[in-house]
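Written below as structure tokens is the structure these notes are about.
Every chain is numbered from 1, with letters handed out A, B, ... down the list of sequences.
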Number of protein chains: 2
Amino acid sequence: MKRHTWQREAVRDALGVRENFVSAQQLHAALRGGGSSIGLATVYRALADLASEGAADSLQQEGESLYRACTPGTHHHHLICRNCGLTVEIEADAVEQWANSVAAEHGFTRPHHVVDVFGFCAGCSIAEKTATP
Amino acid sequence: MKRHTWQREAVRDALGVRENFVSAQQLHAALRGGGSSIGLATVYRALADLASEGAADSLQQEGESLYRACTPGTHHHHLICRNCGLTVEIEADAVEQWANSVAAEHGFTRPHHVVDVFGFCAGCSIAEKTATP
DNA sequence: TGTACTGTTGATAACGAATCTCATTACCGT
DNA sequence: ACGGTAATGAGATTCGTTATCAACAGTACA
């Protein structure tokens, strides 16, 4: 049976407060910094649970997993700033359909897809332009 | 200056021969198995070089980087079997355009995108269906 | 062809993310 | 309140990747 613990709540809350993708380690450090005594392994477990039940999105970047809260039930993708991490949820029905049809075309079943767009957000685009010599 | 070594050639060739995505370690093991004395670090370096110069595609799966040879200059995505690794290159002009426009809409510049479709290829779909009790 | 310069190699150490172990804790139905 | 049992957490462990550094080998040039 699934139990309700303050640790899981803490992870869920800490993730819900954030706007951007964060790593398990960052989240653990933040919780510890906030006075919590939560363990690293627990943060990993909680994040894995959240992701598997659809309450969090995850993506792999530079060899580590990043997580972000999302409203369960909705399928969406992300537009992520390479510089500051700002993340925007985007819908892409056309892409969903394309993925399904291209999979079917080649005889593939049970298609999943990874679709993320990276770039520099408006603010960082300007900041970079002025900073470059 | 960039030097030409048999090690780099060996990695390039070994990658070119393969149809599917492989990890650096797999490639290293294969080369060693073939009688080569190439070092692991060198395989990692060669793969990183190939990827950065556009001669190889890479993707992250289960915490490790996988590589696959590709014809430089062409932009494409992949349809990958979750079971056997069979990979099909797919074109997706519609997706390119969608990615660019959605980035522009939100003020993002220099958009890159990660688009990969996973599933079970025709062969593995059948095999799994008959294997399940 | 010989030689000096310097990029490359490879064994191993180091690193870091993620997972495993297992004794202890504490949630929850009864 | 009680008991079983899932969850926790400190530390050890695994495993992919990168850094270190002395030895090596392309390459340009005389």
Side-chain angles (χ1 to χ4, degrees), chain A residues 1-15 18 20-53 55-69 80 85 114 116, chain B residues 1-15 18 20-53 55-69 80 82 85 114 116 118:
Chain A
M1 178 210 315
K2 192 149 213 168
R3 290 178 183 176
H4 181 79
T5 65
W6 67 263
Q7 287 95 336
R8 284 183 201 270
E9 271 311 305
V11 171
R12 187 187 292 270
D13 291 351
L15 200 65
R18 312 200 160 234
N20 303 344
F21 277 88
V22 289
S23 69
Q25 312 244 6
Q26 287 175 324
L27 216 55
H28 177 243
L31 287 163
R32 281 299 183 100
S36 173
S37 65
I38 194 169
L40 179 60
T42 301
V43 174
Y44 274 101
R45 285 187 284 240
L47 286 173
D49 284 355
L50 288 172
S52 76
E53 70 193 33
D57 289 323
S58 71
L59 62 86
Q60 314 274 318
Q61 198 175 33
E62 291 164 29
E64 67 181 352
S65 292
L66 304 182
Y67 297 86
R68 183 172 186 276
I80 304 150
V114 177
D116 288 302
Chain B
M1 178 212 313
K2 192 150 214 168
R3 290 179 181 172
H4 181 80
T5 64
W6 65 264
Q7 288 95 337
R8 284 182 204 272
E9 272 312 305
V11 171
R12 187 187 293 269
D13 291 350
L15 200 65
R18 313 202 160 232
N20 302 345
F21 278 89
V22 287
S23 69
Q25 312 240 8
Q26 287 175 323
L27 215 56
H28 176 244
L31 287 163
R32 282 298 185 103
S36 172
S37 64
I38 194 168
L40 179 59
T42 303
V43 174
Y44 273 101
R45 284 187 286 241
L47 287 173
D49 284 355
L50 288 172
S52 75
E53 70 194 32
D57 289 322
S58 71
L59 62 84
Q60 314 274 318
Q61 200 177 30
E62 292 165 27
E64 69 181 351
S65 293
L66 304 182
Y67 298 86
R68 182 172 187 275
I80 304 150
R82 288 193 115 88
V114 177
D116 287 304
F118 296 86

Using a 4.5 Å cut-off on heavy atoms from C-beta on, say whether the side chain of [Y] contacts that of [X].
X        : Y       : answer
B/Glu9   : B/His4  : yes
A/Ile80  : A/Leu59 : yes
B/Glu53  : B/Lys2  : yes
B/Ser36  : B/Trp6  : yes
B/Phe118 : B/Gln61 : yes
B/Tyr44  : B/Gln25 : yes

Taken in chain and number order and not counting sequence neighbours, the residues that satisfy side chain to side chain donor-acceptor pair (under 3.5 Å) with A/Glu62 are none

What are the residues of residues 26-35 of chain B, sorted by number, that bring a heavy atom to within less than 4.0 Å of DNA chain C?
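When residues 26-35 of chain B is checked for heavy atoms under 4.0 Å from DNA chain C, the hits, listed by number, are B/Arg32.
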
Between the protein and nucleotides 27-30 of chain C, which nitrogen or oxygen pairs are less than 3.5 angstrom apart?
residue : atom : partner : partner atom : Å
C/dC27  : O3'  : A/His4  : O            : 3.3
C/dC27  : O2   : A/Arg3  : NE           : 3.4
C/dC27  : O2   : A/Arg3  : NH1          : 3.3
C/dC27  : O2   : A/Arg3  : NH2          : 3.4
C/dC28  : OP1  : A/His4  : N            : 2.8

Pairing donors with acceptors under 3.5 angstrom, does anything connect the side chains of B/Ser65 and B/Gln60?
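Per modelled atom types, B/Ser65 and B/Gln60 side chains form a pair under 3.5 Å.
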
Whole Å only: how far is the [atom1] atom of [X] from the [atom2] atom of [N]?
X       : N      : atom1 : atom2 : result
A/Leu47 : C/dT19 : CG    : P     : 11 Å
B/Gln61 : C/dA18 : CD    : P     : 16 Å
B/Ile38 : C/dT8  : CD1   : C1'   : 11 Å

Let me confirm one number: the CG-CZ distance from A/Leu50 to A/Arg8, rounded to the nearest 0.5 Å.
8.5 Å

Yes or no on side chain to side chain contact (heavy atoms under 4.5 Å, CB included) for A/Leu15 and A/Leu47, after CA distance, side-chain angles and deciding distance?
CA-CA 9 Å; A/Leu15 200 65; A/Leu47 286 173; 4.0 Å; yes

Where along nucleotides 12-22 of chain D does protein come under 4.0 Å, by heavy atom, of base (B) or sugar-phosphate alone (S), with - for untouched nucleotides?
----BBBB---

What's the angle between the local helix axes at either end of the helix from C/dT1-D/dA30 to C/dT30-D/dA1, using five pairs per end and rounding to 10 degrees?
40°

Which heavy atom of A/Arg18 sits nearest a heavy atom of A/Val22, and at what distance?
CD-CG1, 3.6 Å

Residue pairs passing the salt bridge (Lys or Arg N to Asp or Glu O under 4.0 Å) test with at least one member in residues 21-30 of chain A, sequence neighbours excluded, are none

Between the main-chain N or O of B/Ile38 and the side-chain N or O of B/Arg32, is there a donor-acceptor pair closer than 3.5 Å?
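Here the side-chain-to-backbone pair exists.
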
